[in-house]
2 protein chains.
Amino acid sequence: MAKVYEQIADELREAIRTGELGPGDKLPTESELVRKHRKTLPTVRQALSLLQSEGLIEKHHGRGSFVRKPRKLVRRSNDRHQWEKNRAVQSEAERAGTGSTEHDTGLEMDDLVFRARYREVKAPGDLAAVFDLPEGTDLVERTYRTRYKAEDAPFNLVTSYLVRDYVAANPDLLDAANEPWPGGTMHQLRTVGIELDRMEEHITARPPTAEEAEELQLLPGTAVLIERKVSRDTDGRAVEVSEIVMPGDRTELVFTTPLERW
Amino acid sequence: MAKVYEQIADELREAIRTGELGPGDKLPTESELVRKHRKTLPTVRQALSLLQSEGLIEKHHGRGSFVRKPRKLVRRSNDRHQWEKNRAVQSEAERAGTGSTEHDTGLEMDDLVFRARYREVKAPGDLAAVFDLPEGTDLVERTYRTRYKAEDAPFNLVTSYLVRDYVAANPDLLDAANEPWPGGTMHQLRTVGIELDRMEEHITARPPTAEEAEELQLLPGTAVLIERKVSRDTDGRAVEVSEIVMPGDRTELVFTTPLERW
DNA sequence: GAGTGGTCTAGACCACACG
DNA sequence: GTGTGGTCTAGACCACTCC
């Protein structure tokens, strides 16, 4: 072990692991570490950057560096799909009460701020393949941002695509002014005679892009979960494709798979 | 925009986004960027480090920096659970042919190298809570590493816990020498009269720890997917808890949720 | 105003890749 | 051997936080 910055990082990692430095505790300042290890400032900063990229610490300009606290998780369970489907056949009064975001998070609608934007686009190759339609087919692109009223960053970024021809029979579905739609996408599809049979969710993870980090206000050393969801109707046809970007440290996806009995 | 390293990073990001620099292409060398922007080496290096942490580029000592290529994904679908359950009631000859890893990846058993280690541990608080048993209950901890024969890094890290009392009736289940067990965990449990009713999978994402990065040979700028799986028997009792760490850029988890008809 | 981290300069020397 | 990135020194000045 020759690398000085690794040694400094190791020592701090060990202090965090043993609990000598607990969540929220302040680390020694950079100049203290310089004195202690008799190295220079850039070397010490390299060590701290490493810990930051591992998600172990947060640096705060003018205040110091701190051991990161575990985040409170927002849970999204796949049982919400059946819940949403059941809700789509309720009366308007019943549907108006809640949305699936509230079902996911347990929050009241009043705590949330919601923004939707619609746009018409031509299907690029990858989306066309999922829909099993020709490239360039007309799609409705819908982007959603939902955030807590008390915070100014949304807690996820959603982009959803519908095939224009499948939904154009109801012009209301082409206008973002009707959002938030009581009863959600399942009810929207029901107004044009589409019933969903299953949801396929594809999950990967990666570091956030610069834009995502800014929009979700992610600290360095955070990963994002990417969910690509394909909704299929009773003919097995893909009718909605959506991509959801979620902060990996604040989100827990829960999937329950039932098994047949022996 | 005052920050010089952001400007340099932006320019390179843009070149990558537009395709001017395609996957696998070599970036300008650090000294070329120094000359071009009339800045110093550490500043240029800061810009490149940023792109690296975003997973956009790879740096190779002595060779240069390169635009990262997208990885080939290994797909793990939740339909493997039912597949595994069906397999557990087959004859030994049938079970011997394949394991669930092969089912997941489509690879032959001959392409894979498998290592298992068993250990007996006392349940810490968080595990005890999931099993709904007292803290300190005896558990069997099983760790697995599976890798391609051609590569030297495993493609995931698995730690599984069984309640010792539930499985002790069959001593073979306490001995790692019997791994890989033909028919997997579902068949192991069957030998002690346990039938699984459902699987709960909890997914989060974060940057890898230093150990995980080394063991999975992850490049900087990669995230890991964490899956915590709880297997419940027909009484709803948690009988296995496992944690699986997977490279986020090489793994795609697929969950299909069927919906009831209206 | 004092303390602390953020950005940047201007180098030196080392380690790895490749011809 | 030459080119390349990796580590490290020794500072300067700026920006943010808190008293």
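Note that the structure is predicted; figures quoted are calculated from it, not measured. Every chain is numbered from 1, with letters handed out A, B, ... down the list of sequences.
- Atom-to-atom, CD of A:E58 to P of C:dG6 comes out at 12 Å; the value is rounded to the nearest Å.
- Rounding to the nearest 0.5 Å places NZ of B:K229 at 6.5 Å from CD of B:E201.
- One distance of note links CZ of A:F155 with CG of A:L216; it measures 10.5 Å at 0.5 Å rounding.
- Taking only side-chain nitrogens and oxygens, B:Y5 never comes nearer than 4.0 Å to OP1 or OP2 of C:dC8.
- At the phosphate of D:dG6, neither OP1 nor OP2 sits under 4.0 Å from any side-chain N or O atom of A:K3.
- Close to C:dG6, at under 4.0 Å from its OP1 or OP2, lies a side-chain N or O of A:K59.
- Separating the CD atom of B:Q52 from the C1' atom of D:dG6 is a distance of 11 Å, rounded to the nearest angstrom.
- Nearest nucleotide to the B:Q46 side chain, out of D:dG5, C:dT7, C:dA10: C:dT7.
- Atom CZ of B:R63 is separated from atom OG1 of B:T29 by 15.0 Å, given to the nearest 0.5 angstrom.
- Atom NZ in A:K26 sits about 11 Å away from atom C1' in D:dT17, given to the nearest Å.
- Whole-Å rounding puts the B:R45 CZ to D:dG5 C1' distance at 6 Å.
- Between the P atom of D:dT7 and the CG atom of A:L48 lies a distance of 16 Å, rounded to the nearest Å.
- A:T40 comes within 4.0 angstrom of a base, heavy atoms only.
- Within the structure, a side-chain polar atom (N or O) of A:K39 is placed less than 4.0 Å from OP1 or OP2 of D:dT9.
- Under 4.0 angstrom from either OP1 or OP2 of C:dC16 there lies no side-chain N or O belonging to B:R63.
- Expressed to the nearest 0.5 Å, how far CZ of B:R206 lies from CG of B:L225 amounts to 10.5 Å.
- Applying the 5.5 angstrom centroid cut-off and the 30 degree plane-angle cut-off, the aromatic ring of A:H61 is stacked upon the base of D:dA15.
- Rounded to an integer number of Å, the gap from A:E6 CD to D:dC8 C1' is 14 Å.
- In this structure, B:T43 does not reach the C:dT7 phosphate: none of its side-chain N or O atoms is under 4.0 Å from OP1 or OP2.
- In this model, a donor atom of one side chain and an acceptor atom of the other lie less than 3.5 Å apart for B:R68 and B:T222.
- Comparing B:T29 and A:L41 by the nucleotide of DNA chain D whose heavy atom lies nearest to each, the residue mapping closer to the 5' end is B:T29.
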